[in-house]
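What follows is a set of notes on a single structure, which appears directly below.
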Number of protein chains: 2
Amino acid sequence: MRDAELTRQKILTVSADEIHKNGFTATSLSCILARCDISKGALYHHFTNKLELGYAVFEEVYAPAFIALWQPPVEAEDPIAGLCDFFSAMSKNMSCDEIVCGCPLNNLCQEMSAIDEGFRIRILAMQQQLNLLIATNLARVSHQLQPGLDFSQVAYFIVATFHGSSSLSKSSLNKELFDKVIKELCRYIRQLKR
Amino acid sequence: MRDAELTRQKILTVSADEIHKNGFTATSLSCILARCDISKGALYHHFTNKLELGYAVFEEVYAPAFIALWQPPVEAEDPIAGLCDFFSAMSKNMSCDEIVCGCPLNNLCQEMSAIDEGFRIRILAMQQQLNLLIATNLARVSHQLQPGLDFSQVAYFIVATFHGSSSLSKSSLNKELFDKVIKELCRYIRQLKR
DNA sequence: ATACATACCGACCATGCGGTCTGTAAATAC
DNA sequence: GTATTTACAGACCGCATGGTCGGTATGTAT
C-alpha cells in the first residue's frame, strides 16, 4: 500500500498546526489538503468529516503533548520549584509567536466548548486530568505548604492564570504582558510554601 | 424620519448580544437582521460593512460598559476590598450562562486579535486603560500594601486570572470552577495587604 | 491470473456568507 | 407644490466552505 498510516499522521500533524494557529472553524480543509499535498478523497478516506478530524487531532496530538508538557514539572521532587521553573522557562525560551498563539487546549476551550459537545467533553476531561495531576502533587508536599490550602482550588487558579496570561498577550503581540503575569504567578506559587 | 438613530441603536444592541454569544465571525448578519426585523439595506445604510459594525459595537457598547463595570470597585476607598467584593458579587449574582459566556473583551481578544488589526488595537487600548486604572488605584493605597509590589504586574495578573477563570468554566458549563478560582483570587488580593 | 479491498483522486454540489445594487417611500428644503 | 436627500426594502451576486460520489490505481489473497 501507499503507506496509509503515514498519510494519516501527516494529516493529523498539519491539521493540529493549522487548528492551533487559526482555530478549528477558521481552519479550512482545502488548506490542509494543500499543505499535505493530498486530495480531498484521501482526507475523507481517513476521517468521516471535519469534526471527527478535529477530535482525532485532540486525542492523538494535543492530549498527549499536553500531558507530556505538564507532567514533568508537577511530578518533580519539589513541584513548587518545578512549576516556577516550568513557567520561567516558557518566558525565556518560547518565541513571541508561540506565546501569542496560546495553548491549543485553552484556544479550543474558548472557541468550541459552547458549540460542540464532542469537543467540550474532551476538553473538560483534559482539564480535570490536569487539575488532579497538580492537586495531588501539591498534596504530596503539603507539609511544606501553608496550612488550610484547597489544592484543587489552587491548581485551577494556576491554570486559569496561565491561560489568561497568553490571552492577554494576544492583543499586544509581544511577550511583555506574558512575562509580567508569569513573574507574578511564580511569586504567588512560591508564597504557597511554608 | 423613521427614527434612524433608534434603528441604529437597535442594530448595535442586538449585534452586541449576538457577538457576545457567538463571537464576531460566527455572528451572521442575517441573524441580526431577523432579530431587528429590518432589511439588509437598513443595516448597510448605517454601517459600511460587518467589520465597521463590529468596531462600532466595541466602541459604543462594550467599551463604555466595561469601564462602567470596573471603575466603581477599583476607585472605591479601599480598592482591595472593592475588588474582592466585586468578584464575589459576580460569583454570587451572575447566572451560569453569563459566566460561561465570558467577558466580551476577552472573547474578542482571543478570537480577533490575530485576525484583524482594527480589533486588536481597540482591545489593546482597553486593556491598557484597565491596567492603568487598577495599577494607579493600588498605588494610591500603597502604604497599606506589601512593599516592593509592581502594581502594573499585579493588575495584569488579576485581570489575566479573572479572564482565565471564565475560560475554564466554558468547558464545564457551570459556575463551580469560576467560583473556585475567584475564591483563590480574592485570597491572593487580600494577601497583598499589610 | 483473477478477485477484491484498500487508498486515493478530483469534479461536482448545496449552502450560507458578506456585500451590492436598483428601487421606493418618507422626511426635509425651497 | 416640487426637488432632493434620507432611510430603508429586498432581490441578486460571487465566493468559499464542508461534503459527496463515481472512478482509478495499488496493494493482497487465492
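This is a predicted model, so every value here is computed, not measured. A note on names: the letters A, B, ... follow the listed sequences, proteins ahead of strands, and every chain is numbered from 1.
Residue whose closest nucleotide on DNA chain D sits further toward the 5' end, between A:G41 and A:L29: A:L29.
Regarding contacts with the backbone of D:dC8, a side-chain N or O of B:T7 is found under 4.0 angstrom from either OP1 or OP2. The side chain of A:S30 contributes an N or O atom lying less than 4.0 Å from OP1 or OP2 of D:dT17. A sub-4.0 Å separation between OP1 or OP2 of C:dC8 and a side-chain N or O of A:H45 is absent. The side chain of A:H46 places an N or O atom within less than 4.0 Å of a non-bridging phosphate oxygen (OP1 or OP2) of C:dC8.
Residues A:E60 and A:Y55 bring no donor and acceptor atom of their side chains to less than 3.5 Å of each other. If you check the side chains of B:S152 and A:K180, you find a donor sitting under 3.5 Å from an acceptor. Under 3.5 Å, the side chains of B:S166 and B:N106 contain no donor-acceptor pair of N or O atoms.
B:I38 comes within contact range of the sugar-phosphate backbone alone, with a heavy-atom separation under 4.0 Å but no base atom that close. Residue contacts shown for B:T25 are absent, as no nucleic acid heavy atom lies under 4.0 Å away.
Side-chain proximity of A:S28 to D:dG19, D:dA9, D:dG18: nearest is D:dG18. Out of D:dG19, C:dC8, C:dT20, the shortest distance to the side chain of A:N49 is found at D:dG19. Set against C:dC17, D:dC8, D:dG19, the side chain of A:K50 has D:dG19 as its closest nucleotide.
Between the CZ atom of A:R8 and the P atom of C:dA7 there is a distance of 11 Å, rounded to whole Å. Rounded to whole angstrom, the span from the CG atom of B:L33 across to the C1' atom of C:dG18 amounts to 11 Å. Atom pair A:Y44:OH and D:dG22:P shows a separation of 17 Å (rounding to whole Å applied). One interatomic measurement links the two molecules: CD of B:E18 to C1' of C:dC17, which rounds to 15 Å at whole-angstrom precision. The CG atom of B:L43 sits 19 Å away from the P atom of D:dT6 (whole-angstrom rounding). Note: CD (B:E5) to C1' (C:dA27) measures 17 Å, nearest angstrom. In this structure, B:K10 places its NZ atom 12 Å from C1' of D:dC8, rounding to the nearest Å. Atom CZ of A:F47 and atom C1' of C:dA7 are 14 Å apart (whole Å).
Put simply, B:Y188 and A:L192 are part of the same group of oily side chains (I, L, V, M, F, W, Y) that touch within less than 4.5 Å, one to the next.
Within 3.5 Å, a donor on the side chain of A:K40 pairs with an acceptor on the base of D:dG19, or the reverse.
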May I have the step-by-step check of salt bridge (Lys or Arg N to Asp or Glu O under 4.0 Å) for B:R120 and B:E117, ending in yes or no?
-> CA-CA 5 Å; B:R120 210 199 96 229; B:E117 273 292 292; 2.4 Å; yes

